K.L.:
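One structure coming up, written as structure tokens, with questions to follow.
Just so you know, these numbers use all the heavy atoms, side chains as well, and skip hydrogens, waters and symmetry mates. Because the structure is predicted, anything quoted here is derived from the model rather than measured. Every chain is numbered from 1 and lettered A, B, ... according to where its sequence line falls, protein lines coming before strand lines.
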Number of protein chains: 2
Amino acid sequence: MADVARRAGVSLGTVSNVINNPGVVAERTLRKVQDAIDELGFVPNQVARSLAVGHANTIGFVIVDLANSYFVDIARGVEELADESGVRLLLANSDVDLAKQDSYLELFEESRVSGILLAPLDAPLTRAEQIRRRQMPVVHVNWPGVDGESCGVVVDEELGGYTATRHLIELGRQRLLFAGGPLSLSAVASRLTGARRAVEEEQGRVTLELLETDRLTVAAGLAVGRGIANRPPDERPDGLVSAADALASGAIQTMIYSGIEVPGDIAVIGYDNNHFAADHVIPISTIGQPGVDMGRAAAKLLFEEITRVPHVHRTITMNPELIVRESTTGRTWTD
Amino acid sequence: MADVARRAGVSLGTVSNVINNPGVVAERTLRKVQDAIDELGFVPNQVARSLAVGHANTIGFVIVDLANSYFVDIARGVEELADESGVRLLLANSDVDLAKQDSYLELFEESRVSGILLAPLDAPLTRAEQIRRRQMPVVHVNWPGVDGESCGVVVDEELGGYTATRHLIELGRQRLLFAGGPLSLSAVASRLTGARRAVEEEQGRVTLELLETDRLTVAAGLAVGRGIANRPPDERPDGLVSAADALASGAIQTMIYSGIEVPGDIAVIGYDNNHFAADHVIPISTIGQPGVDMGRAAAKLLFEEITRVPHVHRTITMNPELIVRESTTGRTWTD
DNA sequence: ACGTATTTTTGAAGCGCTTCAAAAGTAGAC
DNA sequence: GTCTACTTTTGAAGCGCTTCAAAAATACGT
């Protein structure tokens, strides 16, 4: 920067103004300085800038699992809002590993980003609280705020489970099977609770069977489908509430391969609106989580904290959305 | 840090040594300082540190498409090596958008990261070259190095296409169909070239038909499958070389739904070894790209440049791997 | 031409750390 | 007790920028 100043024949302060405050410098000087910048290929040193102003105009997002498109959607939402605010977004993948999550939280704190977004794993968030206590804004995504002390954006999983189940009931299905797991995942447990509520409202007209799986994968779904196919037809459910699209996909594939009609014999609804659900051989009805909107909402909360807009900490709960496709309503891809 | 020094009754330099050079400070002093650090909850300011040493011990990775698990694999490989070297990895998603790609390249340059990894989009890399010319190490991933001036890690797409096709030929298939597109994607074009080479070697015993698609999605695959199913059986191919697993998945699903047996009537091979390929109703044979290894290789090249190990710029070409599953060999998931 | 108000530019003080030559402290040998 | 060789600590300079009070330049009114 000193080189630029010398070449343009002005002082350091003026060069700084050209970069951060062009309105205040005279037309002619501005041009001179900009020419010098171009000729020298000067790249401002953000590190020095951050040190001088005391913070970076960057936010960090620690993501639990980049392989899950839901989180990538959230990241996209965050970035939209960040873009609009002229703030840059840095990502870090904690890869479902608590140590990495903590390590990246530290990195962001040490890097003095303006704020941190955290899509955490299902575990205690001691490190995040520590950081928050040291005045660094931290907002949770896909996780509630800690009561009154921090903000969070979540989606109402219980309502999602309820909505999915209600959809099947309204289609006249009466023997429902809920597949998903492990139930130690709070999201799965909430979805199940919602499903149960929908069934209870029917006061005995509808039954709900539970099939807990180890994981929420296509492979687990294949097993679920196989299990159903191996039953005598009159013991099969007529509706399958699946805690994830991947699971639903596997189940559908094995079932139709075994001659069970979907949705004729068994209607299937998934969860997550994963990218492949719409493109499936039988497009899968599902519960969509508004990932992009969640990202925007979380970023908004974070910016409020950063700018210290007077603001009570809160948890924003977003509603999941029923997306009806052929796996419950019967039109098929051949249309 | 001054607070820590005061509290521990030592000088600034000593605190700095405790943090960066603990070996050099006396046992007793070390303990004193560390206690002070804990009591004060001191978090070293990386920004100041970076400014003082002239660079951050962080590398940046600009990724063209986070939604593609292949790149997430690469990122994981990069991170493995970065971890081992005590360097932190920051991610930025350019989301198939050249402006964003450039913007994040700039961010990393201005942040004085030690080096940049770039998985670029299929477009001119002027910004990256500019940055490289200013002495910032930049290594390409999934893109060749610029002749002699920069490094890159790629996978031999032509060989992948050849290997896939050869696999079908060795299984006795003779009427092959290559599906994929658009051909303007250099990866697709190379895979096709490889497929053609394999067929040419058979000197007329095998034919290859080309079906160009708009995209490499499941939806496009469904259309491919439908197209094949609608033909009279004797005009159908007996082997399908698909330029992507998603495409293969769609094709397989519609074909088996239409009563075509896979691989009995038509053997299908995909490309990419995407996560869902193994879990498919008919697990999909495919060409695996060694994403994690590519990430490691790229990170290694980058570290060479960063540490200025004498090093000629080169492009590392990795070999794709044939992964044989049921969509070509006929065992099915029911086993 | 002069004084006042306004616009521009200046330059020095920091931001919080690392670095390194020099100073201070310690240990062992005689 | 003194010297030498080594270990440990110190403190000031500097990394490249922002900031802001003060100085300089310019504009305006009379």
Side-chain angles (χ1 to χ4, degrees), chain A residues 1-37 40-58 86 88 106-114 134-136, chain B residues 1-37 40-58 86 88 106-114 134-136:
Chain A
M1 193 157 121
D3 295 342
V4 174
R6 206 169 311 120
R7 173 145 194 153
V10 299
S11 78
L12 270 164
T14 302
V15 176
S16 176
N17 276 333
V18 168
I19 293 168
N20 305 298
N21 234 341
V24 87
V25 7
E27 176 69 18
R28 230 167 48 86
T29 320
L30 197 126
R31 235 191 346 271
K32 254 189 339 197
V33 174
Q34 261 163 354
D35 287 350
I37 288 179
L40 264 47
F42 167 72
V43 177
N45 185 330
Q46 282 293 342
V47 176
R49 170 170 218 290
S50 297
L51 180 60
V53 305
H55 65 104
N57 78 329
T58 293
R88 251 80 157 264
E106 278 164 26
L107 169 61
F108 284 137
E109 182 182 21
E110 292 172 1
S111 302
R112 299 297 192 268
V113 296
S114 336
R134 285 192 289 255
Q135 311 304 318
M136 165 74 74
Chain B
M1 194 158 117
D3 295 341
V4 174
R6 205 170 310 121
R7 173 148 196 151
V10 300
S11 78
L12 270 165
T14 302
V15 177
S16 177
N17 275 334
V18 169
I19 293 169
N20 304 300
N21 234 342
V24 87
V25 9
E27 177 70 17
R28 229 168 49 85
T29 322
L30 198 126
R31 233 190 348 271
K32 252 188 342 196
V33 173
Q34 261 162 356
D35 288 349
I37 288 178
L40 264 46
F42 167 71
V43 177
N45 185 330
Q46 282 293 343
V47 176
R49 170 169 217 292
S50 297
L51 179 60
V53 305
H55 65 104
N57 78 329
T58 293
R88 250 79 156 266
E106 279 165 25
L107 168 60
F108 284 137
E109 183 182 22
E110 292 173 0
S111 301
R112 300 295 192 268
V113 295
S114 335
R134 285 191 289 253
Q135 311 304 318
M136 164 73 73

K.L.:
Quick one: B:Leu12 CG to C:dC17 P, roughly how many Å, whole number?
P.N.:
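So the CG-P distance, B:Leu12 to C:dC17, works out to 8 Å.
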
K.L.:
State which of C:dT10, C:dC17, D:dT18 makes the closest approach to the side chain of A:Ser16.
P.N.:
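Given the options C:dT10, C:dC17, D:dT18, the side chain of A:Ser16 is closest to D:dT18.
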
K.L.:
Can you measure A:Asp3 atom CG to D:dC17 atom P for me and round it to whole angstrom units?
P.N.:
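Atom CG in A:Asp3 sits about 9 Å away from atom P in D:dC17.
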
K.L.:
I need the residues from residues 17-32 of chain B with at least one non-hydrogen atom less than 4.0 Å from DNA chain C; give them sorted by number, or say none.
P.N.:
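Heavy-atom contacts with DNA chain C come from B:Asn20.
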
K.L.:
Under 4.0 angstrom, heavy atoms only, what part of the nucleic acid is A:Val10 near: base, sugar-phosphate, or nothing?
P.N.:
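Result for A:Val10 = sugar-phosphate.
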
K.L.:
For the side chain of B:Ala52, counting heavy atoms from C-beta on, which of C:dT10, C:dG16, D:dT18 is nearest?
P.N.:
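Nearest to the side chain of B:Ala52 among the choices is C:dG16.
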
K.L.:
Once you round it to whole Å, what is the distance between P of D:dG16 and CD of B:Glu110?
P.N.:
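Interatomic distance, CD of B:Glu110 to P of D:dG16: 15 Å.
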
K.L.:
C:dG11, OP1 or OP2 - any side-chain N/O from A:Ser11 closer than 4.0 Å?
P.N.:
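No.
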
K.L.:
Could you check whether any side-chain N or O of B:Asn45 sits under 3.5 Å from a backbone N or O of B:Ala48, counting only pairs where one atom can act as donor and the other as acceptor?
P.N.:
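At least one qualifying donor-acceptor pair exists.
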
K.L.:
Do B:Asp35 and B:Lys32 meet the salt-bridge criterion of a basic N to acidic O distance under 4.0 Å?
P.N.:
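Between B:Asp35 and B:Lys32 there is no salt bridge, as every charged N stays at least 4.0 Å from the carboxylate O atoms.
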
K.L.:
Measure CG/B:Leu51 against P/D:dT18 and give the value in whole Å, please.
P.N.:
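To the nearest whole Å, that distance equals 12 Å.
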
K.L.:
Which pair of non-hydrogen atoms, one from B:Ala36 and one from B:Ala8, has the smallest distance, and what is that distance?
P.N.:
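Answer, listing the atom of B:Ala36 first, then B:Ala8: CB-CB, 4.0 Å.
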
K.L.:
Report the distance from atom CD of B:Gln46 to atom C1' of C:dC15, rounded to the nearest whole Å.
P.N.:
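Answer to the nearest Å: 15 Å.
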
K.L.:
At their closest point, which heavy atom of A:Leu30 faces which heavy atom of A:Pro22, and how far apart are they?
P.N.:
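Scanning both residues, the minimum pair turns out to be CD1-O, 3.4 Å.
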
K.L.:
Take the protein atom CZ of A:Arg49 and the nucleotide atom P of D:dT18, then report the distance between them rounded to whole Å.
P.N.:
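Answer to the nearest Å: 5 Å.
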
K.L.:
Heavy atoms only, 4.0 Å cut-off, all strands: where does B:Val15 land among base, sugar-phosphate and nothing?
P.N.:
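It contacts nothing in the nucleic acid.
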
K.L.:
Looking only at side-chain atoms of B:Ala48, point me to the closest of C:dT10, C:dT18, C:dG16.
P.N.:
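Nearest to the side-chain atoms of B:Ala48, counting from C-beta on, is C:dG16.
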
K.L.:
Do any N or O atoms from the side chain of B:Asn57 and from the backbone of B:Gly86 form a donor-acceptor pair under 3.5 angstrom?
P.N.:
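Side chain of B:Asn57 to backbone of B:Gly86, a donor-acceptor pair under 3.5 Å: yes, one is there.
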
K.L.:
Please give, in whole Å, the distance from D:dA12 C1' to B:Met1 CE?
P.N.:
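Atom-to-atom, B:Met1 to D:dA12, this comes out as 13 Å.
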
K.L.:
Tell me if a side-chain donor or acceptor on B:Ser16 pairs with a main-chain N or O of B:Leu12 at a distance below 3.5 Å.
P.N.:
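Checking the backbone N and O of B:Leu12 against the side chain of B:Ser16, no donor-acceptor pair under 3.5 Å is found.
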
K.L.:
Can you see which heavy atom on B:Val113 is nearest to which on B:Met136, and at what distance?
P.N.:
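Closest pair (atom of B:Val113, atom of B:Met136, distance): O-CE, 3.3 Å.
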
K.L.:
Taking atom C1' of D:dG11 as reference, at what distance in whole Å does atom CZ of B:Arg6 sit?
P.N.:
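Between C1' of D:dG11 and CZ of B:Arg6: 15 Å.
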
